Each structure stands twice: as C-alpha cells, then as structure tokens.
Amino acid sequence: MFSLYDTMSSSEVALPSVDEKKTIGMYVCGPTVYQRAHIGNARPYIVFAWMKNWLISQGYDVNFVHNITDINDKIYEHTPEGVLSTQHAIDMAKFYNADIASLGLPMPDAMPTVTDTMSQIITFIEQIIAAGHGYVAGEDVYFDVASSADYGKLSGTVDHETLGDGDAAHKKDPRDFALWKSAKPGEDTHWDSPWGKGRPGWHIECSAMAHSELGEAFEIHGGGNDLTFPHHENEVAQSTSVGYAFAKIWAHSGMLTLGGEKMSKSLGNIDPIHAAVERWGAETLLLMFLNSHWHSPVEYSQKTLQAAESRLNTLLEANATVKETEPPADEWAALETVLNKNFNTAEALALLHEWVNKGYKELAAKLLAMFGLGRVASPPQPPADVAAVAQQRLQAKADKDYEQADALRAQVEAAGWLLRDEVDGQVIIPTVQALR
RNA sequence: GCGCGGAUGCCCGAGUGGCCCAAGGGAUGCGCCUGCAAAGCGUAACAGCCGCGGGUUCAAAUCCCGCUCCGCGCUCCA
C-alpha cells in the first residue's frame with residue numbers, strides 16, 4: 001500500500017489499492033514560461049516522474065499531467081521588444097520540454113497549456129459564479145472567499161488581517177482573488193468571454209487544466225511547497241466550490257536552496273537546468289535529489305554535487321567489477337517497504353548500494369532504470385581510441401616500461417575511464433565523465 | 001507576528017516507542033595487495049546517548065510541554 005505525506009491532513013495518506021483503482025491521476029504544477037527554468041523548478045517534475053515509474057512497477061497505470069502556464073503577467077514583463085508574448089511563451093515552453101527531457105526520465109503523459117484550455121476555463125468560471133462563489137466586478141471576475149467555509153484548510157493560513165493585496169477597489173473582501181482579469185493596455189493577448197476581453201487568473205488555470213485532463217477527482221496533486229498558499233489553497237476553493245472532490249493527496253516537495261535560501265527567479269540565485277546538466281550531468285543531479293527525502297529541502301552547493309558525483313563513480317565502479325550473485329527471493333520486498341512508505345528515496349538509495357555491492361545486478365538495474373539512472377547499469381562502451389590506448393598500456397606494462405604505462409593510463413583517465421589491473425586482467429571502468 | 005516543516009557523526013542524510021550503543025553515502029589514518037596505483041580485504045578513527053531544558057513510559061532519537069535556532073509561506077514563485 002503506497003502512502004504519501006499529505007499537506008491537507010498533515011499525515012500520510014494511502015492510495016487506493018490497485019484492485020480498488022488501477023489508474024492514478026497525478027497533476028503536478030509546472031512552470032510559468034517566461035524565462036528558462038532553473039534546476040529547482042525541475043525538482044517536482046523529477047520527484048513525480050520517479051513516483052510514476054514506481055507506481056507502474058506496483059501495478060498501477062499512471063496519468064501524469066504537468067501543465068505549462070503560458071499566460072501570466074510575468075510573461076508580458078519578460079517578452080523582448082518586438083516579440084509577441086505568445087511566441088515568447090512558446091519558445092520558453094520548448095526549452096522547458098527539452099530541459100526536462102535531458103534528465104532521462106519519462107515525459108509527462110500530458111502537458112496542457114492555458115491557451116489550449118481556454119474554453120474549459122471560461123465554462124468553469126461560469127459554473128463558479130452560478131454556484132454563488134464568484135462575482136463579476138466591472139470586467140473582472142473574483143472568487144468570493146467568504147463564501148468558502150473551508151478556505152485556509154490546506155495551508156493553515158487563516159489570518160484574515162494580513163491576507164489580500166487590498167488595492168483592488170472592487171473586491172468584496174481583500175482575500176478574494178481574480179478568476180478573470182480584463183485586458184489591460186499594452187497586453188498583446190486577450191480572449192473573448194462573457195465578461196469582456198481578458199484572460200484568466202493564475203489559480204483557475206490549474207484547476208481547469210487538472211479537471212480537464214483528470215476529471216472531478218484524482219489521486220495526487222503535486223508541486224513545490226512554495227505553491228501551497230495561495231495557489232493551491234485557491235485551487236481547492238475553486239474546485240470544491242462547484243462540488244468537485246479534487247485531489248486526494250496534496251504532495252508538496254521541498255525547496256532547492258542555494259546559500260541557504262530558496263533558489264528562485266526573483267531572488268536571482270539560480271542555475272538553469274540546461275547549465276546544471278551540462279556541468280554535472282543528469283545522473284549526478286538525480287543522485288543529489290535521490291539522497292534526500294522529497295519533502296525536505298536540498299542545498300545546491302559544490303559540496304553536495306561533488307558528493308553526488310563521487311557516489312555516481314562508486315556505483316559505476318562497483319557495477320563494472322562486482323560479480324553477479326543471485327539475490328534472496330524476497331529482496332525486492334525491502335524496496336517496496338521503503339518506497340511505499342512516503343516514497344523514501346534515501347532509503348532506496350541505501351538499498352541500491354547494497355545491491356550493487358553484493359552483485360544483485362538484475363535488481364540493481366531495475367532500480368537504476370526506475371530512477372533514470374539506467375546508464376549506470378549499462379554504461380557506454382569505451383570508444384575505440386580509448387580502448388586502443390588501454391591496449392598499448394598493457395603492452396608497455398608487459399615490457400616493464402612503467403613510465404610509459406603510467407602515461408598511457410593517465411591519458412585514458414583524462415578521457416573519463418579508469419584502468420584497473422584485476423587478477424584476471426585489465427578492466428576499463430567508466431567514470432562520470434564517460435557518461436557525458 | 002501567524003501557519004507549516006525542520007534541527008541526527010567531519011559532511012550529506014535515513015531512522016517516529018524496544019530489533020538503534022543509530023542505515024547508506026561522501027571525506028579520513030594504517031596494513032595487506034600492486035611495478036606504482038585504484039578497487040578489494042583487514043583495521044582504525046568514527047553521534048558516549050540523536051538542538052536545549054523538563055515530563056510520560058518497564059522502555060524515547062522516536063510521544064508530551066517549554067525554549068533556541070533554521071527553512072518555506074502569508075497573493076511574483078516549483
């Protein structure tokens with residue numbers, strides 16, 4: 001039985017068994033595409049892509065939906081002069097797709113955009129108004145927070161005094177948030193609606209995309225924990241206001257920090273995904289995240305990354321040299337225990353080391369593949385020139401020309417391969433560098 | 001200030017009542033091995049009690065109370 005820490009109930013909540021419900025709906029908030037995404041943005045995607053893989057191995061079918069917010073104030077602000085904001089959003093969304101694809105995990109089953117969900121969004125707003133939970137003010141539409149009895153239940157944010165931006169004169173309550181915003185001068189995108197030309201508010205977009213893809217109720221709603229309030233709180237208010245059950249589990253992943261502070265575009269302490277992958281490689285980044293619980297923060301530092309890189313080398317070496325052994329029959333069950341209980345990847349990683357060290361190759365390969373680390377189990381073969389130098393080194397060694405042998409070994413190492421003299425001969429072992 | 005989540009070895013990081021004198025990894029010392037290495041093996045060091053102070057219990061890193069510190073949120077945010 002798989003369970004996850006759920007923000008709504010502040011406790012671990014179990015998924016229905018495969019017999020009760022085979023298909024799991026999973027919605028994970030994606031980025032607003034106004035500039036290139038950073039490695040912190042990638043964490044929710046990574047965590048839930050792993051989770052999808054795991055649930056499939058447990059017999060479920062998983063529908064992993066990861067949206068692209070392609071309409072937002074930020075996009076207007078960041079669109080270069082002379083470019084349409086829609087084009088800028090398309091460009092950045094393409095980058096995001098390429099960025100997450102480079103991590104080596106399965107792509108989401110659906111990546112809806114706001115633009116493509118516009119008619120459902122408008123219908124949804126009409127439903128909310130009809131249900132008595134939304135109101136029109138001029139050409140804007142707001143959600144009536146006071147009408148929502150459970151507002152604040154998800155985030156525990158109940159302090160009415162401090163909430164709300166207050167500067168929107170026609171709000172009934174400062175906590176009310178926009179469902180539809182009328183078009184402003186200078187904005188190059190707007191859509192027709194019963195309330196005039198405009199665009200949807202941020203929160204309604206996600207509710208609408210989630211329901212449009214996954215129906216009224218689904219199992220897991222994920223996202224970074226910085227979205228708990230107001231974004232997810234507002235999503236809950238919108239969706240439950242029309243009678244939808246919405247998400248069974250609210251899973252909020254921890255922040256990636258840099259210098260002890262959240263990595264964020266507005267703080268500017270960011271490292272873009274593409275730069276991080278280029279510098280460290282996907283495997284090292286994945287191992288860094290794998291080492292800590294999905295719910296905890298992770299510090300993105302030279303030290304953290306280097307430790308992950310060393311770990312990767314250790315796994316590559318062990319995989320290349322340890323002899324295969326038959327594991328105990330119920331060994332896989334140990335993994336199920338740790339992963340099914342709140343998806344404890346750090347424990348799974350400990351188990352992975354054990355398996356690799358003991359030579360349980362098949363099990364290790366299966367686990368590695370699930371975490372997007374398949375190349376650790378099946379690394380590339382050394383290129384012909386490297387193999388040739390390795391061969392020459394063997395000859396030099398046989399000739400007792402050790403100076404030459406050491407030089408050749410250094411040459412191979414510079415190319416990203418280790419040469420080791422085992423009892424049954426020289427072996428060539430890949431390092432992190434060989435995976436690039 | 002309020003809400004939520006944390007505080008475990010030199011470092012990262014599991015562990016939520018007894019199997020914990022605390023997993024796994026990273027970084028270390030010595031020996032064997034090796035042409036020299038690396039890995040491996042052996043060995044050493046490695047948290048004297050798991051932020052601090054109380055309490056509950058036959059039993060606590062794990063539960064309760066108070067405190068300190070850190071992160072996130074309080075309508076830009078993964």
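We use all heavy atoms of the structure for the numbers below, so side chains are in, but hydrogens, waters and symmetry mates are not. Every chain is numbered from 1 and lettered A, B, ... according to where its sequence line falls, protein lines coming before strand lines. Small disclaimer: the values here were computed from a predicted structure and weren't measured.
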I need the NE2-C1' distance between A:His252 and B:C77, as an integer number of Å.
13 Å
Who are the salt bridge (charged side-chain N to carboxylate O under 4.0 Å, His left out) partners of A:Asp99, not counting sequence neighbours?
A:Arg36
Near-strand residues of residues 329-349 of chain A, defined as heavy-atom separation under 4.0 angstrom from RNA chain B:
A:Asn344, A:Ala346, A:Glu347
For atom P, what is the distance between B:C52 and B:C10, given to the nearest Å?
14 Å
Does A:Lys397 have a side-chain nitrogen or oxygen under 4.0 Å from the phosphate oxygens OP1 or OP2 of B:C36?
no
Cationic N near anionic O, under 4.0 Å, A:Asp406 to A:Arg409:
yes
When you measure from the centre of the six-membered ring of A:Tyr135, is the NZ or CZ of A:Lys172 closer than 6.0 Å and no more than 45° off the axis?
yes
Qualifying residues under salt bridge (charged side-chain N to carboxylate O under 4.0 Å, His left out), relative to A:Asp226, sequence neighbours excluded:
A:Lys262
Will you find, in the side chains of A:Tyr34 and A:Thr79, an N or O donor that is under 3.5 Å from an N or O acceptor?
no
Compile the donor-acceptor pairs under 3.5 Å between side chains in residues 314-324 of chain A and protein atoms, sequence neighbours left out, one pair per line.
unit_1	atom_1	unit_2	atom_2	d
A:Thr314	OG1	A:Ser310	O	2.9
A:Glu317	OE1	A:Arg420	NH2	3.4
A:Thr321	OG1	A:Glu317	O	2.8

Thinking salt bridges, do A:Lys358 and A:Glu354 make one under a 4.0 Å N-O criterion?
yes
Using both pair distances under 3.5 Å as the test, note the stems of at least 3 consecutive Watson-Crick or G-U pairs that include RNA chain B.
B:1-7 with B:68-74, B:10-12 with B:24-26, B:28-32 with B:40-44, B:51-55 with B:63-67
How close or far is atom P of B:G73 from atom CZ of A:Phe229, stated in whole angstroms?
13 Å
Could you state the atom-to-atom distance from CG of A:Leu419 to P of B:C36 in whole Å?
17 Å
Salt bridge A:Asp140-A:Lys171, side-chain N to carboxylate O under 4.0 Å:
no
Rounded to whole angstrom units, what separation is found between the NE2 atom of A:His232 and the P atom of B:G73?
14 Å
For the side chain of A:Lys262, starting at C-beta, report the closest nucleotide among B:A23, B:C77, B:A14.
B:C77
Find which nucleotide of RNA chain B each of A:Val298 and A:Arg43 is nearest to by heavy atoms, and output the residue with the more 5' nucleotide.
A:Val298
Sidechain N-carboxylate O distance under 4.0 Å for A:Asp401, A:Arg393
no
Consider only side-chain N and O atoms of A:Trp54 and A:Asn340, and report whether a donor and an acceptor are under 3.5 Å apart.
yes
Under a 4.0 Å threshold between the charged nitrogen and the carboxylate oxygen, would A:Lys153 count as salt-bridged to A:Glu233?
no
With rounding to the closest Å, how many angstrom separate the C1' atoms on B:A22 and B:G48?
13 Å
When you get a sec, tell me which of B:C77, B:G26, B:A14 is the closest nucleotide to the side chain of A:Ser310?
B:G26
Looking only at B:C76, B:A78, B:C4, the nucleotide nearest the A:Asp226 side chain is B:A78
For B:U34, take OP1 and OP2 only and decide whether either is under 4.0 Å from a side-chain N or O of A:Tyr402.
no
Parallel under 30°, tilted from 30 to 60°, perpendicular over 60°: which one fits the rings of A:Tyr45 and A:Phe64?
parallel
Would you kindly say whether A:Asn41 and A:Tyr96 are connected by a side-chain donor-acceptor distance under 3.5 Å?
no
Any protein N or O atoms within reach of nucleotides 7-12 of chain B? Criterion: under 3.5 Å, listing atom names and distances.
unit_1	atom_1	unit_2	atom_2	d
B:C12	O2'	A:Asn291	OD1	3.2

Quick test of your reading of the model: are A:Lys181 and A:Asp73 salt-bridged, counting only N-O distances below 4.0 Å?
yes
B:G53 to B:A7 separation - C1' atoms, rounded to the nearest Å
16 Å
Please write out each protein N/O paired with an N/O of nucleotides 63-65 of chain B under 3.5 Å, distance rounded to 0.1 Å.
none

Would you call the rings of A:Phe143 and A:Phe177 parallel, tilted or perpendicular, where under 30° means parallel and over 60° means perpendicular?
parallel
Work out how far the P atom of B:C20 is from that of B:C74, and round it to whole angstrom.
43 Å
Under 4.0 Å, heavy atom to any atom of RNA chain B: which of residues 282-289 of chain A qualify?
none
Starting at atom CG of A:Leu305, determine the distance to atom P of B:G13, rounded to an integer number of angstrom.
13 Å
The nucleotide from B:G73, B:C72, B:G35 with an atom nearest the side chain of A:Met255 is B:C72
Is there any protein nitrogen or oxygen under 3.5 Å from a nitrogen or oxygen in nucleotides 39-43 of chain B, and what are the pairs?
unit_1	atom_1	unit_2	atom_2	d
B:A39	O4'	A:Arg420	NH2	3.1
B:A39	O2'	A:Arg420	NH1	3.1

B:U62 to B:G25 separation - P atoms, rounded to the nearest Å:
26 Å
Can you tell me, in whole Å, how much space there is between the C1' of B:A60 and that of B:C49?
11 Å
Between B:C46 and B:C21, how many Å separate the two C1' atoms, rounded to a whole number?
13 Å
Rounding to the closest angstrom, what is the interatomic distance between B:G13 and B:U57 at atom C1'?
30 Å
Among B:A78, B:U75, B:G35, the one nearest any side-chain atom of A:Arg409 is B:G35
Atom CG of A:Leu352 and atom C1' of B:G25: how far apart are they, to the nearest Å?
11 Å
Applying a 4.0 Å non-hydrogen cut-off, can you work out what A:Glu77 is touching in the nucleic acid: base, sugar-phosphate, or nothing?
nothing
Could you list the residues that satisfy salt bridge (charged side-chain N to carboxylate O under 4.0 Å, His left out) with A:Glu213, not counting sequence neighbours?
none
For a quick check, tell me whether the side chain of A:Asp406 and the base of B:G35 share a donor-acceptor pair closer than 3.5 Å.
yes
Using a 4.0 Å heavy-atom cut-off across all strands, classify A:Gly40 as base, sugar-phosphate, or nothing.
base
Can you pull out every salt bridge (Lys or Arg N to Asp or Glu O under 4.0 Å) where at least one residue sits in residues 265-277 of chain A? Sequence neighbours excluded, please.
A:Asp271-A:Arg279
Do A:Ser239 and A:Ser207 have side-chain N/O donor and acceptor atoms under 3.5 Å apart?
yes
Which label fits A:His252 and A:Trp250: parallel for a plane angle under 30°, tilted from 30 to 60°, or perpendicular past 60°?
parallel
Considering heavy-atom distances to RNA chain B, does A:Phe177 or A:Gly260 have its closest nucleotide positioned more toward the 5' end?
A:Gly260
Pairing residues for A:Glu347 by the salt bridge (charged side-chain N to carboxylate O under 4.0 Å, His left out) criterion, not counting sequence neighbours:
none
Can A:Asn234 and A:Tyr151 be counted as having a side-chain donor-acceptor contact under 3.5 angstrom?
yes
What integer distance in Å separates A:His295:NE2 from B:G13:C1'?
17 Å
How close or far is atom C1' of B:C72 from atom CG of A:Asn41, stated in whole angstroms?
15 Å
